[in-house]
Amino acid sequence: MKKITIAIDGFSSTGKSTVAKQLAKHLGYVYVDTGAMYRAVTYYAMQNGLINKEIFNTEALISNLPKITISFKFNEDKGFAEVYLNNENVEKQIRTLEVSSFVSQVAAVSQVRKKLVEQQQNMGKDKGVVMDGRDIGTVVFPDAELKLFMTASAETRAQRRYDELIERGDKIEYEAVLKNVQERDYIDSNRKDSPLVKADEAIEFDNSNMTLKEQFEEILKLVNQKISN
């Protein structure tokens with residue numbers, strides 16, 4: 001059976017990572033969460049005083065890029081690969097709303113994107129990969145056999161993210177999550193370098209009113225069609 005590259009793009013909290021993990025596990029493919037890579041760089045910037053609500057020292061971050069190493073290590077107990085920043089597991093730290101509030105700014109830095117896109121392309125050079133993010137079908141893998149563009153209303157996405165954070169034990173207000181979702185949408189869609197846009201050949205997938213099971217089954221049909229062609 002031939003292996004293909006599956007590129008999943010879309011707005012924040014549209015369930016890209018969830019369905020990407022499901023597909024990778026079902027197909028025996030490599031899964032790469034590119035959003036986690038940008039979150040790891042953002043966490044590094046936060047930890048080193050390079051970004052906060054008052055300042056964003058982009059030049060210092062750019063000069064520190066050679067010091068940043070991001071890797072994924074599979075956790076058998078959890079059933080998915082966790083993110084490591086300079087050999088430290090930061091899977092939990094990078095998922096906070098605070099990191100979410102800065103990640104779009106960090107992701108807009110061209111030098112950051114260049115470094116991470118090169119790593120992402122190397123990870124998927126042998127195909128058999130499911131990768132999700134903002135520019136996978138347009139920049140990282142423009143020749144991907146299957147491109148999906150995930151979308152849902154901002155309110156639906158904010159509710160999903162809010163429920164996820166509450167379940168984790170975070171104390172947060174829904175309105176703050178909704179504001180974060182809307183702000184990230186704007187920054188991601190309007191940045192100069194690799195803005196979030198739907199690739200011409202990408203299939204738009206609105207999952208506002210779908211269960212995870214329904215979503216997976218519909219997308220798996222699309223995958224099987226590409227594999228059998």
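For the pair K198 and F149, the NZ or CZ position fails the cation-pi test of under 6.0 Å to the six-membered ring centre and within 45 degrees of the ring normal.
Using modelled atom types, no side-chain atom of R134 and backbone atom of P195 make a donor-acceptor pair closer than 3.5 Å. No donor-acceptor distance shorter than 3.5 angstrom exists from the side chain of K73 to the backbone of A81, with no hydrogens or angles considered. Looking only at distances, no side-chain donor or acceptor of N64 sits under 3.5 Å from a matching main-chain atom of K67.
Considering I136, V19, I219, L146 in turn, V19 is the only one that fulfils the side-chain contact (heavy atoms from CB on, under 4.5 Å) rule with I8.
Residues I172 and Y162 meet the side-chain proximity criterion, which asks for heavy atoms closer than 4.5 Å. Between V99 and M46, some side-chain heavy-atom pair lies under the 4.5 Å cut-off. H26 places a side-chain heavy atom less than 4.5 Å from the side chain of F216. In this structure, the side chains of M131 and T5 stay at 4.5 Å or more apart for every pair of heavy atoms. Here the side chains of F11 and K16 are not in contact, with every heavy-atom distance at 4.5 Å or above. No side-chain heavy atom of I166 sits under 4.5 Å from any side-chain heavy atom of Y174. Within the 4.5 Å cutoff, side-chain heavy atoms of D135 are placed close to those of V140. By the 4.5 Å heavy-atom criterion applied to side chains, F102 and E98 are counted as neighbours.
Both L220 and I227 sit in one connected hydrophobic cluster of ILVMFWY residues. Membership requires side-chain heavy atoms under 4.5 Å apart, directly or through other members.
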**Prompt:** After noting the C-alpha distance and the side-chain angles of T138 and S194, does the key distance pass the side-chain contact (heavy atoms from CB on, under 4.5 Å) rule?
**Reply:** CA-CA 8 Å; T138 53; S194 306; 5.8 Å; no
**Candidate pair Q159 and D163, rule side-chain hydrogen bond (donor to acceptor under 3.5 Å, both in side chains), full reasoning** = CA-CA 6 Å; Q159 188 64 54; D163 291 342; 3.0 Å; yes
**Message:** Go through it in stages, so that I can follow the logic: the residues are N86 and Y44, the test is side-chain hydrogen bond (donor to acceptor under 3.5 Å, both in side chains), and I'd like the CA-CA distance, side-chain angles, deciding distance and then a yes or no.
**Reply:** CA-CA 10 Å; N86 294 336; Y44 175 92; 5.7 Å; no
**Asked** Can you list the steps and then say if S104 with D188 is a side-chain hydrogen bond (donor to acceptor under 3.5 Å, both in side chains)?
**Response** CA-CA 6 Å; S104 290; D188 290 343; 2.9 Å; yes
**Message:** Between L116 and Q120, is the side-chain contact (heavy atoms from CB on, under 4.5 Å) condition met? List the steps.
**Reply:** CA-CA 6 Å; L116 297 189; Q120 292 155 12; 3.7 Å; yes
**Request:** Would you sort out whether R160 and N207 count as a side-chain hydrogen bond (donor to acceptor under 3.5 Å, both in side chains), showing the intermediate values?
**Result:** CA-CA 12 Å; R160 290 172 181 168; N207 61 16; 3.1 Å; yes
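In summary, K179 and E175 do not engage in a salt bridge, as defined by a charged side-chain N under 4.0 Å from a carboxylate O. The pair K221-E217 does not meet the salt-bridge criterion, since no charged nitrogen lies less than 4.0 angstrom from a carboxylate oxygen. A salt bridge is absent between K226 and E145: the closest approach of a Lys/Arg side-chain nitrogen to an acidic carboxylate oxygen does not fall below 4.0 angstrom. R168 has no carboxylate O lying under 4.0 Å from a charged side-chain N of E164, or vice versa, which leaves the two without a salt bridge. Between D33 and K21, none of the side-chain N atoms (NZ, or NE/NH1/NH2) sits under 4.0 Å from a carboxylate O, so this pair counts as no salt bridge. In summary, R191 and D193 do not engage in a salt bridge, as defined by a charged side-chain N under 4.0 Å from a carboxylate O.
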